[in-house]
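First comes the structure, then the notes that go with it.
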Amino acid sequence: MPEHDVLVIGAGLAGQRAALAAAEKGVSVGIISKVHPVRSHSNAAQGGINAALDVDDSWESHAFDTIKGSDYLGDQDAIEVMCREAPDELLHLEHIGVTFHRNEKGELGTRAFGGASKARTYYVADITGQAIMHVLYEQLMKYADQIDRYEEWFTTDLAIDDEGRCVGAVTRNIKDGSTEMFKAKSVVLASGGNGQIWQPTTNALICTGDGIAMAYRAGATLMDMEMIQYHPTTLAGKGFLITEGARGEGAHLLNAKGERFMEKYAPNKMELASRDVVSRAEQTEINEGRGFPDGTVALDVTVVPRKRIHEALREIVLVGRDFAGVDITREPIHIKPGNHYTMGGVKTDIWGRTDVPGLYAAGEVACVSVHGGNRLGANSLLDTLIFGRRCGEDGAQHAKGHGFGQVSRTVLSDSESRVDEIIARQHEGGRRVSEIKAELGKTMDEKVAVFRDEEGIQSALDTVRRLKEEAKSVAIDDRGTIFNQDVLGAIELQNMLENAEACCMSALERKESRGAQYRTDYPERNDEEWLKHIDVSLNGGGPEISYSPVTITDWQPQERTY
Amino acid sequence: MSAYTLKVRRYQPESEEDDKRGAYWEKFDVELDPTLSVLDGLLQAKNDADGTLAVRCSCRAAICGSCGVKINGQSTLACKTQLGEAAEEAARKARTGDGDAEITVEPMGNMPVIKDLVTDMESTHWKKFRRVTPWLLPAGPPPEREYIVPAESMVDVTQSVACIQCGACVSSCLSMEADPEFVGPAALAKAYRFVGDPRDGQTTERLFDLANDPHGMYDCTHCFSCIDACPKDVAPMNQIMRLRRLAGDDHGIRDVNNGHSHEMAFVKNIRKKGTLDESLLFQESYAPGVKGKLLPRVSAIRGLLDSIPTAIRGIRTGKMRSIPKLIPGVHHKLPGDAQDHVKHIYERAEESKIQLNLYIIGEGGEEDASAEATEPESVEEESATA
């Protein structure tokens, strides 16, 4: 039975940052990930990371942009923490080796990004997430004496003791199928988002909301689950991401008539309005017949000097070439809004503490809430690092004041038998995992996307509940122990369906339009009734909705235009 | 939609059928758009036909580096290879009698296989990765603000930073096939990422270490396989050549492997003769220059004696064409003024030792380079040393 003071589940940016921060506090750390850490989805963050580091910039300005971007649903105390601590975090990353872009003086240089009143996005070409994550992984090597890595271990359940405290996790070693009870004084969830519920999505196949579902089952509250970001520039069909950095470098959005349509929707910020605004504008153009026949509009990068494209946007040159057959340095590329990010997740305070004692959450799995109704580009990397670090620090502190909890033997055996039952299940006319997943993805993309209404969301919820039933009898082919990905797929499907249900319920509940939630049946923002978070928790078995207040400090809600 | 057959190299260590507990081939028929990837094909087979088929994958967009495999014998990412292209390549190989008509998919090479297309990267790739001390080692405490470094230096190392650790280069590495202990293309490219970073304080130590390791930077035979395999244009071999140049030229490191002098022997040989004169290569490698030959070190004599079997093997296999060719002075000269052209190429290459990578010159190669860069011909100085 492995024991660690702090156990981190998930090894993307938030998880690795948490592990390193806890190790610096002198405690023993274990970090578990269902994929090798460098395969984590933080890789996909292209554009950069925001910080008000420049002497002419201020954390207040960054905070205001973030709050406005959130459509006033973000908690202002948490946003203040994130924006105040951003410059030091950025410098820390620079000091440990991230190869951030420099200006001609050799200082850190910035690019413009959406929804920001100043260019405060620091970057490494358009592979910023990858560049930062690989540096954190280097640091994990450096601190190997203190941090044990469990690479390719799949966590099936959190372990909760009789007092309701999180005391560890049950994890399956993918390589040999053995199951271990990991004991811990503090557990940090950093297992990412749930984008695989939608098809297509920019998210990787691993983004199945496992951590959200595990915490939810363990009694934690989920918050803002209806707030799902559709990124304005994704490849049609495949859903691959084209960085906002392209527009930050000056690229235009054009409809099929060649018009720069953002003039109509955001005359000041144009293409660099916040993502919900740009995605709605594009979808409106497409819905009203001004898109291309394949249901897209165009992103024109050719207006950016080619030397600059090669230096700063190389990854999307490759994406265009390899996945769309388009040379973006020479012709516009067809794009559309596509599922990208979940603002919601496991509800935490500003130290990443969830409602379950001993359990922390950071990154996309969590909802602090710094993104509220809509996340600004280049704020997600920042969120993962700031709150990952805070979880690691507070988790280490918490571990110093607590012993290992008592884990009931049944936790391990229950979890094991749940997995064994799936493996042993016989094919008796049930559906395959992939069929259910495909139906879920299509349903959510049609009905819980850029534009929503009651009828659509309700029908999506009905579908999700039917699929939940069907998922109980899915049978798999692989009966083995070594690299049995088949059984993991079935567990992920259950997790996804729990996420989807919470998302649909929250979207149905919020009878207004705010941030990423645009209800055609309630097209206005309604601060009087809905300036509050929607929470979902499992209470006595069934999901239950409740509300919590939005923390407002210095910035009163205003009308939001770009 | 088109129909494709994927011929997959499988291994099911727990199978109840005896013949599946060793490697075997299995064909899967899939129907997909030709622009979709081989990974999409594998996933269709896995989802619809056989859930036991094991393949690592995650991002589907050549970012995460999970799905390294060999397709039609070439190490690459399954998600980055389109079905249509792979099928054409397979058909071409079949026509020339060089392969099967189906798209073949195999696990990566130079690594043990765990199951089907899943390999054990930990005991190979990652072990080598850790070998190069893969983290920044600054000389002193960090500055209050950021390190001030030239913008170009960050762009320069970005080509190595772009590595996603997929292992395709390791899989394709011919030197590693011969010497499994070779540190290898991925780890050496990683090493360049620190060596080329002005913030690192251990540049000389890193270079000294990897130059003197018998399985280090001089173990690369310059075969270009890793450059062909790399899905992110990291060009690991070019990074290895930059390590060598920094070690030998800029830091004056004379390694115990005679790697630098062997390389210089090639350079000198071609400059003088235009084509490789094997009779001079060994002596020049072990006992460089006039001084080296007049006062040969013991190690040089030992090295030369040790090379005799290699020379004999070279003659036997036809690599060295005949014994008279081993006599100094017999080597033929290039016709006309060709030798002057060779010398001119050397001069141009030496004039401008600037390094241009793809983050600077872009994809289009010459066309882009001539439009954007001033010295397009000088990109690959090391090609003269090949």
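Chain identifiers are assigned alphabetically (A, B, ...) following the order of the sequence lines, protein sequences preceding nucleic acid strands; residue numbering begins at 1 within each chain.
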Identify which part of B:E85 has an atom lying under 4.5 Å from any heavy atom of chain A, answering side chain, backbone, both or neither. neither
What residue in A:V38, A:I476, A:V487 has the most heavy-atom pairs under 4.5 Å with chain B? A:V38
Do the side chains of A:K175 and A:E151 get close enough for a salt bridge, i.e. N-O under 4.0 angstrom? no
Which atoms of A:T481 are under 4.5 Å from chain B, going by heavy atoms: the side chain, the backbone, both sets, or neither? both
Ion pair present between A:R479 and B:E16, side-chain N to carboxylate O less than 4.0 angstrom? no
Assert top hit (heavy-atom pairs under 4.5 Å, partner chain A, pool B:R130, B:R193, B:Q12) equals B:R193
If I measure from the heavy atoms of chain A, does B:K115 come under 4.5 Å with its side chain, its backbone, both, or neither? side chain
If I measure from the heavy atoms of chain B, does A:D327 come under 4.5 Å with its side chain, its backbone, both, or neither? neither
Looking only at B:C57, B:P13, B:C59, B:P134, the option with the highest number of non-hydrogen pairs under 4.5 Å against chain A is B:P134
Would you call the rings of A:H101 and A:Y123 parallel, tilted or perpendicular, where under 30° means parallel and over 60° means perpendicular? parallel
So, do A:Q46 and A:L241 sit near enough that their side-chain heavy atoms are less than 4.5 Å apart? yes
Quick one: does any side-chain atom of B:D209 pair with a main-chain N or O of B:E205 as donor and acceptor, under 3.5 Å? no
Can a salt bridge be assigned to the pair A:R432 and A:E435 using a cut-off of 4.0 Å between side-chain N and carboxylate O? no
Atom group of B:Q82 that falls short of 4.5 Å from chain A, counting heavy atoms: side chain
Between B:V149 and chain A, which part of the residue has a heavy atom less than 4.5 Å away: side chain, backbone, both or neither? both
Between A:T201 and A:Q196, the two heavy atoms sitting closest are CG2-NE2, 3.7 Å
Is a salt bridge present between A:E492 and A:K437, judged by a nitrogen-to-oxygen distance below 4.0 Å? no
Flag the one option from B:I114, B:D50, B:D197, B:D48 with the top tally of heavy-atom pairs under 4.5 Å to chain A. B:D48
At a 4.5 Å cut-off on heavy atoms, which part of A:L108 comes close to chain B: side chain, backbone, both, or neither? both
Side chain from CB out, backbone as N, CA, C, O: work out which of these in B:L137 comes under 4.5 Å of a heavy atom of chain A, or both, or neither. neither
Max heavy-atom pairs within cutoff under 4.5 Å with chain A, candidates B:M121, B:E122, B:K190, goes to B:K190
Residue part contacting chain B, namely of A:N203, when any heavy atom lies under 4.5 Å: backbone
Taking the basic N atoms (NZ, or NE/NH1/NH2) and the acidic carboxylate oxygens, is any pair closer than 4.0 Å for B:R145 and A:E94? no
Chain B contact via A:H95 - which portion, at a heavy-atom distance below 4.5 Å: both
Most chain B-contacting option - heavy-atom pairs closer than 4.5 Å, from A:I309, A:V98, A:V124: A:V98
What option among A:E152, A:R102, A:R39 has the most heavy-atom pairs under 4.5 Å with chain B? A:R39
So for B:Q165, is it side chain, backbone, both, or neither that comes closer than 4.5 Å to the heavy atoms of chain A? both
Is any side-chain heavy atom of A:I49 closer than 4.5 Å to a side-chain heavy atom of A:L93? yes
Assert top hit (heavy-atom pairs under 4.5 Å, partner chain A, pool B:R56, B:K80, B:R199, B:M154) equals B:R199
Is the distance from the ring center of A:F240 to that of A:H231 below 6.0 Å? no
Heavy-atom pair of closest approach, residues B:Q159 and B:D233: NE2-O, 2.7 Å
Tell me, side chain or backbone of B:K46 under 4.5 Å from chain A's heavy atoms, or both, or neither? both
Selection from B:P143, B:P138, B:P231, B:S15 maximising heavy-atom pairs under 4.5 Å formed with chain A: B:P143
Measure from the ring center of A:Y137 to the ring center of B:W135 and say whether it is less than 6.0 Å. no
Under 4.5 Å to a heavy atom of chain B? For A:R149 that would be side chain
